[in-house]
Structure formats: C-alpha cells, structure tokens
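Only a predicted model underlies this, so the values are computations on that prediction, with no experimental measurement involved.
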Amino acid sequence: MSKTLKIGCLALQGCVERHRPHIEALGMDFAPVKTAKDFETVDGFILPGGESTTMLKLIDRFGLWDTLAEQFKAKPVWGICAGSILIAEKVFYSSKRVGEEQTKQVQKSFGLIPMTVERNGYGRQVDSHTANVNGYEVSLIRAPIIQEVSNDVEVKASHQDDPVWVDYGQYMATTFHPELTFDFPSPMHTAFADKVKAA
Ligand code: GLN
C-alpha cells in the first residue's frame, strides 16, 4: 500500500488549522509544522496567510531560514497571502506617515516564484473583501497585489485584472484565502494536492 502523503502548514503565526478539513477531504494527512525535524516529515508545504513581517521575525528568531530554504528546493510549496509574499522574488510596500512622502521599502523573501508583489496592495483592513475566483468564494484580507509575473509563470485566475492565483512548477501562490469556506476541498487545495502527488 502506498504511504499517505502529508501536507505541512508552517505554524509560527497565521491561519493554520482551517486548512485541515480541506487536506483531509483529499485523503491526505495534515500537520502544523514548526521545527526542522517536523519539516523533514512532510511532502509539501503550505505557507499560510497571516502577517509576513511577523513570520519573518519568527523564522529568524528560531533560526529556521536555511532549513526552510533547503526544504523548499525539494518540495512543493503553496504560499497564501502573507505566504505568497514570503515566496515572491521581489516584495515592496509603500509607507506613508502624516506629513511624509510615500516611500517604497523592500522586504526579504525566499524568492521561489519570479514575480513582484506589493504588500497591502488593495489597501487597509477595511478594504478587505470577498471575491468569486473560478466559481469559488474566497477572501482577500489585507492582501498583496501581484504587480508583475515572469512569462513562464502561469496565471490561473485574476481578480480586478491582477493575477491572484499563479503556478510555477512545484510552486503555487494565491493572494486570497480559500480555506475559510466550509466547502471542502477548495479547488486550490485540490490543485496543490495534485502537485504533491506528482512530486
Ligand atoms: N497584509 C499581510 C502581510 O503583508 C498579509 C495578510 C494576509 O495574509 N491575509 O503580510
């Protein structure tokens, strides 16, 4: 009998457990992961939505950067919202304080997908909204905007003319959260599970 595949979700911060019913509906195991030892046991990674700056701090604090970078070379990775920011090649965000010029700042990332994302591109928390993506209801929560993708990145869905679901070999990113509905499994979880099976 073939072994049950296991999808790990990086569980330092953010929306983790809501992925479980989607993954289990696909007949796979789900595991929140946070140590180098956990990482070795999974066949694919979800980097969840949350706050990318907080996740970066925790990755640094626990000394996980190199182990994760090594694991990501070999396994499928799906970045969701903050997770998509962590795996983009280029990340920028604009900041403006009262009386100051808007400045562009850049942020460190694993650079797995050749694309440029703008953090909080749709605006602030009050600008969060739901959308129908390929017939499925999803949430954009202080989501980034994918401003540019390289030619070899496949755009699987767009929203307001910007890509929101992209695919690049073993890597996938969605700027929205598909895990918050009760309609299991989401088409995005199904697509990621297919990647893990193929790897
Ligand atoms: N705004 C967050 C960030 O910049 C992402 C929000 C989310 O993951 N829902 O990291």
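Between atom CZ of residue Phe110 and atom CG of residue Leu47 there is a gap of 7.5 Å, rounded to the nearest 0.5 Å. Taking CD1 from Ile85 and OG1 from Thr175, the interatomic distance works out to 9.5 Å, rounded to the nearest 0.5 Å.
For the 3.5 Å distance criterion, the side chains of Gln107 and Ser52 qualify, holding a donor opposite an acceptor.
Put simply, the side chain of His22 never gets that close to the backbone of His189: no donor and acceptor are under 3.5 Å apart. A donor-acceptor contact shorter than 3.5 Å is absent between the side chain of Lys90 and the backbone of Pro114.
Contact of the Ser128 side chain with the Ser139 side chain is not registered, since no non-hydrogen atoms from C-beta on lie closer than 4.5 Å. Contact annotation: the side chain of Thr35 never approaches that of Phe62 to less than 4.5 Å [non-hydrogen atoms, C-beta and beyond]. By the 4.5 Å heavy-atom criterion applied to side chains, Ile87 and Val77 are counted as neighbours. Put simply, the side chain of His19 reaches to within 4.5 Å of the side chain of Cys9, judged on heavy atoms. Between Thr174 and Ser84, the closest side-chain pair of non-hydrogen atoms is not below 4.5 Å.
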List the steps, then state whether side chain to side chain contact (heavy atoms under 4.5 Å, CB included) holds for Glu179 with Ser186.
CA-CA 7 Å; Glu179 74 278 18; Ser186 82; over 6 Å; no
Decide yes or no on salt bridge (charged side-chain N to carboxylate O under 4.0 Å, His left out) for Lys197 and Asp194, but give the supporting numbers first.
CA-CA 5 Å; Lys197 281 182 213 155; Asp194 287 344; 3.7 Å; yes
Determine, step by step, whether Val166 and Lys156 satisfy the side chain to side chain contact (heavy atoms under 4.5 Å, CB included) criterion, reporting the C-alpha distance in whole Å, the side-chain angles of both residues, the deciding distance to 0.1 Å, and the verdict.
CA-CA 5 Å; Val166 297; Lys156 289 178 80 81; over 6 Å; no
Determine whether Leu180 and Arg18 satisfy the following criterion, side chain to side chain contact (heavy atoms under 4.5 Å, CB included), listing intermediate values before the conclusion.
CA-CA 7 Å; Leu180 300 176; Arg18 295 294 291 268; 4.2 Å; yes
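Partners of Gln13 according to the side-chain hydrogen bond (donor to acceptor under 3.5 Å, both in side chains) rule, which considers only residues two or more places apart in sequence or in another chain, do not exist here. Scored by the side-chain hydrogen bond (donor to acceptor under 3.5 Å, both in side chains) test, Asn132 finds no partners at all (sequence neighbours excluded). Every residue was checked against the side-chain hydrogen bond (donor to acceptor under 3.5 Å, both in side chains) condition with Glu89, not counting sequence neighbours, and none meets it. Glu137 is linked by a side-chain contact (heavy atoms from CB on, under 4.5 Å) to Thr130, Thr181, counting only residues two or more places apart in sequence or in another chain. Applying the salt bridge (Lys or Arg N to Asp or Glu O under 4.0 Å) criterion to Asp29, with sequence neighbours excluded, gives no partner residue. With sequence neighbours left out, His159 forms a side-chain hydrogen bond (donor to acceptor under 3.5 Å, both in side chains) with His129. For the side-chain contact (heavy atoms from CB on, under 4.5 Å) test, residues two or more places apart in sequence or in another chain that qualify with Ala88 are Val91, Met115, Val117.
Minimum heavy-atom separation, Pro32 to Glu17: CG-OE2, 3.5 Å. The two residues Gly27 and Thr4 make their nearest non-hydrogen contact at O-CG2, 3.6 Å. Leu112 and Tyr171 get closest at one heavy-atom pair: O-CD1, 3.5 Å. Considering every non-hydrogen atom in both Cys81 and Ala143, the closest pair reads SG-CA, 3.7 Å.
Cluster partners of Ile80 are Leu5, Ile7, Val16, Ile23, Met28, Phe30, Ile46, Trp78, Tyr122, Val133, Tyr136, Val138, Leu140, Ile145, Val164, Trp165, Met172, Phe176, Met188, Phe192, Val196, counting Ile, Leu, Val, Met, Phe, Trp and Tyr whose side-chain heavy atoms approach within less than 4.5 Å, directly or via other members. Cluster partners of Phe182, by chain and number: Phe184. The rule joins Ile, Leu, Val, Met, Phe, Trp and Tyr whenever side-chain heavy atoms lie under 4.5 Å apart. If you chain together ILVMFWY residues whose side-chain heavy atoms come under 4.5 Å of each other, Tyr93 ends up in a group of its own.
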Could you list the donor-acceptor pairs under 3.5 angstrom formed between side-chain atoms of residues 63-71 and any protein atom two or more places apart in sequence or on another chain?
unit_1: Glu70; atom_1: OE1; unit_2: Lys73; atom_2: NZ; d: 3.3
unit_1: Gln71; atom_1: OE1; unit_2: Lys75; atom_2: NZ; d: 2.6

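Residues Val42 and Met55 are members of one and the same hydrophobic cluster, defined by side-chain heavy-atom contacts under 4.5 angstrom among Ile, Leu, Val, Met, Phe, Trp and Tyr. Cluster annotation: Ile141 is not connected to Leu86 through the hydrophobic network of ILVMFWY side chains, with a link wherever side-chain heavy atoms come within less than 4.5 Å. Cluster membership for Phe72 and Leu12, using ILVMFWY side-chain heavy atoms within less than 4.5 angstrom, is shared.
Residue Glu148 places its CD atom among 12 or fewer non-hydrogen atoms of other residues, nucleotides or ligands, all under 6.0 Å distant.
Contacts classified as salt bridge (Lys or Arg N to Asp or Glu O under 4.0 Å) and involving residues 32-57 (residues at least two apart or in different chains) are given here: Lys3-Asp43, Glu51-Arg119, Glu51-Arg142.
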